[in-house]
Amino acid sequence: MALSVSSAKLSTGVEDDKKQEAFVFPKFVVMGHRGFGMNMLQSPDEKMKSIKENSILSFNVAAEFPIEFVEFDVQVTRDGCPVIFHDNFIFTQEQGVIIEKRVTEMALHEFISYGPQKDGANVNPMFRKTKDGRIFQWKVAKDDPLCTLKDAFVKVKRSQGFNIELKFDDNIVYGEEELCQTLENILKVVDEHAENRPIIFSSFHPDATRLIRNMQMSYPVFFLTNGGCEIYADVRKNSLDEAIKICKEGGLQGIVSEAKAILRTPSAITRVKDSKLSLISYGQLNNVVEVVYLQNLLGVEGVIVDMVMEISEAIANIEVRNEEDDEEDNGRKCQIMFGEESKKVSISSNDGIAFLTNLVPKTT
């Protein structure tokens, strides 16, 4: 069941400055990453190549499961149209040669000409380049045309929340005027089509989060961070403490952190909470049910996942029976039920943190 509208739209009462009551999710939330999950074309796991990511089909399939939001990436074309696409470049093949074209330098008609078309044609095939330089043809079991932000508002179930990631290239220095123009184009579509849909804005770009927060007061804004899992020239992107600082200075409502960063330093959860900020996580570790459950125990308020079916159903069907241990242990024994499957684990606060921190190395 989707999150209630009131929980994802901020009050517009007295707001003479950027300070505002903390945004709190009414329940632990599960969000579908790029819809029903990102595509990893190099993966042997067919689940990572089942449905085209960031597509209307992907969003609507994800909405069939008990999740509150779908997360997706928005960029703006040269002619001012917000489109949904993750990568900075589209790779295609012309006369046997792989070429790349930047999404934001295309006009809308060129952007939507890539991949499958509504008439079934696929004249301009798409490829994808991995971080290590390998190139794969973008083949999935169920393909779908590229889409605009307006398409998503019109064609996706209206009760389904949107976590709209404002996508910018880490290798480009953007001026404030350029950022504002991009954000204005996105907000125009939101204003015209959002109605009562729950919406969150998020971005890895610190200045974009500050600006979108100043340009609208209706929807919460979250800062996305790797939390030090990758190091950037912009130091504001390199730790959870920097993320907290950005949120407090910009009047943002929360942080979306790589799960690894949280697991390496679970004490950061307390610092986030003390700053009256919400905290959700993303990353491949969120496809492990036990990791998601323990993050919930430690105070993380939601997760962005690729394995939408597995994680959402496990969380929806979870039943926890607590028994107090003896005074010396001062912990809790939990019987965790996933449908018909039963797992017995003994969890205290310290045990949970130890389990999580053992999943990831201390250094990148």
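Residue numbers count from 1 along this sequence.
- Arg197 contributes a side-chain N or O that, together with a main-chain N or O of Lys157, makes up a donor-acceptor pair within less than 3.5 Å.
- Taking the charged nitrogens against the carboxylate oxygens, Lys188 and Asp191 have no contact shorter than 4.0 Å, which rules out a salt bridge.
- No donor-acceptor pair closer than 3.5 Å links the side chain of Gln117 to the backbone N or O of Asp119.
- Phe153 and Ile212 fall within the same hydrophobic cluster, where Ile, Leu, Val, Met, Phe, Trp and Tyr residues are linked whenever their side-chain heavy atoms come under 4.5 Å apart, directly or through other members.
- Interatomic distance, CG of Leu179 versus CG of Leu211, reported as 6.0 Å (0.5 Å rounding).
- The shortest distance between side-chain heavy atoms of Ile84 and Arg34 does not fall below 4.5 Å.
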For this session: Could you check Lys101 against Glu94 for salt bridge (charged side-chain N to carboxylate O under 4.0 Å, His left out), going step by step and ending with a plain yes or no?
Result: CA-CA 12 Å; Lys101 296 187 177 182; Glu94 293 184 1; 3.6 Å; yes
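- Between the side chain of Glu184 and the backbone N or O of Met215, no donor-acceptor pair lies under 3.5 Å.
- Residues Val256 and Phe223 fail the side-chain proximity criterion, which asks for heavy atoms closer than 4.5 Å.
- A distance of 13.5 Å separates CZ in Phe222 from CD1 in Ile164, rounded to the nearest 0.5 Å.
- Between the side chain of Glu313 and the backbone N or O of Ile311 there is no donor-acceptor pair closer than 3.5 Å.
- For Asn238, there are no side-chain hydrogen bond (donor to acceptor under 3.5 Å, both in side chains) partners at least two apart in sequence or on another chain.
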For this session: Decide salt bridge (charged side-chain N to carboxylate O under 4.0 Å, His left out) for Asp274 and Arg271; before the verdict, give the C-alpha distance in whole Å, the side-chain angles of both, and the deciding distance to 0.1 Å.
Result: CA-CA 5 Å; Asp274 289 345; Arg271 296 198 294 277; over 6 Å; no
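- You'll find the side chain of Phe136 reaches within 4.5 Å of the side chain of Gln42, heavy atoms only.
- Checked by atom type, the side-chain pair Asp306/His33 shows a donor-acceptor distance below 3.5 Å.
- Taking both residues in full, the closest heavy atoms of Tyr232 and Glu230 are given as OH-OE1, 3.5 Å, listed atom of the first, atom of the second, then distance.
- Between Cys147 and Phe111, the shortest heavy-atom distance links the atoms O-CE2, 4.0 Å.
- No side-chain N or O of Asp144 forms a donor-acceptor pair with one of Ser58 less than 3.5 Å apart.
- Under a hydrophobic-cluster definition in which Ile, Leu, Val, Met, Phe, Trp and Tyr are linked whenever side-chain heavy atoms come within less than 4.5 Å, directly or via other members, Leu57 and Phe65 are assigned to the same cluster.
- Atom CD1 of residue Ile56 and atom CZ of residue Phe72 lie 8.5 Å apart, to the nearest 0.5 angstrom.
- For Asn60 against Lys155, the heavy-atom pair with the smallest separation is ND2-O, 3.2 Å.
- Relative ring orientation between Tyr174 and His205 is described as perpendicular, the plane-to-plane angle rising above 60° on a 0-90° scale split at 30° and 60°.
- Taking every heavy atom of both residues into account, Gly228 and Arg264 meet most closely at O-NH1, 4.4 Å.
- Counting only distance, with no hydrogens or angles, the side chain of Asp73 and the backbone of Lys167 share no donor-acceptor pair below 3.5 Å.
- Heavy atoms of other residues, nucleotides or ligands lying less than 6.0 angstrom from CD of Glu192 number more than 12.
- Remark: the Ser43 side chain and the Asp45 side chain contain no N/O donor-acceptor pair separated by less than 3.5 Å.
- Using a 4.5 Å cut-off on side-chain heavy atoms (C-beta onward), Leu240 and Ser257 make contact.
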Between side-chain atoms of residues 296-304 and protein atoms elsewhere (two or more places apart, or another chain), which donor-acceptor pairs fall under 3.5 Å?
unit_1, atom_1, unit_2, atom_2, d
Glu301, OE1, Ser278, OG, 3.3
Glu301, OE2, Lys273, NZ, 2.2
Glu301, OE2, Leu279, N, 3.3

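- In the hydrophobic cluster analysis, where Ile, Leu, Val, Met, Phe, Trp and Tyr join through side-chain heavy atoms closer than 4.5 angstrom, Ile246 is grouped together with Tyr219.
- No donor-acceptor pair closer than 3.5 Å links the side chain of Thr265 to the backbone N or O of Ser267.
- Ring geometry, Trp138 versus Phe85: the interplanar angle falls from 30° to 60°, so the pair is classed tilted.
- Residues Val74 and Pro82 approach most closely at CG1-CB, 3.9 Å, considering heavy atoms.
- The side chain to side chain contact (heavy atoms under 4.5 Å, CB included) check on Ser50 picks up Phe36, with sequence neighbours excluded.
- Using a distance-only test at 3.5 Å, with no hydrogens or angles considered, a donor-acceptor pair links the side chain of Asn287 to the main chain of Met307.
- Taken from NZ in Lys142 to OG in Ser55, the straight-line distance is 11.0 Å, to the nearest 0.5 Å.
- Under the side-chain hydrogen bond (donor to acceptor under 3.5 Å, both in side chains) criterion, Lys47 pairs with Glu310, sequence neighbours left out.
- Checked against side-chain hydrogen bond (donor to acceptor under 3.5 Å, both in side chains), Asp234 has the following partners two or more places apart in sequence or in another chain: Arg236.
- By the side chain to side chain contact (heavy atoms under 4.5 Å, CB included) test, Ser275 is found to be paired with Ile244, Lys248, Leu277, residues two or more places apart in sequence or in another chain being considered.
- Side-chain atoms of Glu165 do not come within 3.5 Å of backbone N or O of Ser202 as any donor-acceptor pair.
- Between Ile98 and Thr92, the closest side-chain pair of non-hydrogen atoms is not below 4.5 Å.
- For Asp151 and Thr148, the side-chain atoms include at least one donor-acceptor pair closer than 3.5 Å.
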For this session: Go through the steps to decide whether Asn286 and Gln295 satisfy the test side chain to side chain donor-acceptor pair (under 3.5 Å), and finish with yes or no.
Result: CA-CA 9 Å; Asn286 282 351; Gln295 286 184 82; 2.8 Å; yes
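- No donor-acceptor pair closer than 3.5 Å links the side chain of Asp79 to the backbone N or O of Ala107.
- In this structure, Phe91 is not a member of the same hydrophobic cluster as Val103, with clusters built from ILVMFWY side-chain heavy atoms closer than 4.5 Å.
- Taking the side chain as every heavy atom from C-beta outward, Asn226 and Lys237 never approach each other to under 4.5 Å.
- Panel note: side chain Glu68, backbone Val30; a donor-acceptor pair is recorded below 3.5 Å.
- The side-chain heavy atoms of Cys247 and Ile255, taken from C-beta on, include a pair separated by under 4.5 Å.
- Shown here for Ile67 and Val70, the closest heavy-atom pair between the two residues is CD1-CG1, 4.0 Å.
- Relative ring orientation between Phe162 and Phe59 is described as tilted, the plane-to-plane angle lying within the 30° to 60° band.
- If you take NZ on Lys260 and CD1 on Ile262, they are separated by 13.0 Å, rounding to the nearest 0.5 Å.
- Separating the NZ atom in Lys52 from the NZ atom in Lys139 is a distance of 12.5 Å, to the nearest 0.5 Å.
- Across Thr104, Ile186, Val83, a single residue satisfies side chain to side chain contact (heavy atoms under 4.5 Å, CB included) together with Val76, and that is Ile186.
- Using a 4.0 Å cut-off between a side-chain N of Lys or Arg and a carboxylate O of Asp or Glu, Glu249 and Arg213 do not qualify as a salt bridge.
- Side chains of His86 and Glu53 form a contact here, defined as non-hydrogen atoms less than 4.5 Å apart.
- In terms of hydrophobic clustering, with Ile, Leu, Val, Met, Phe, Trp and Tyr side chains grouped at heavy-atom distances under 4.5 Å, Phe168 and Phe89 are assigned to different clusters.
- For Ser239 and Asp241, the side-chain atoms include no donor-acceptor pair closer than 3.5 Å.
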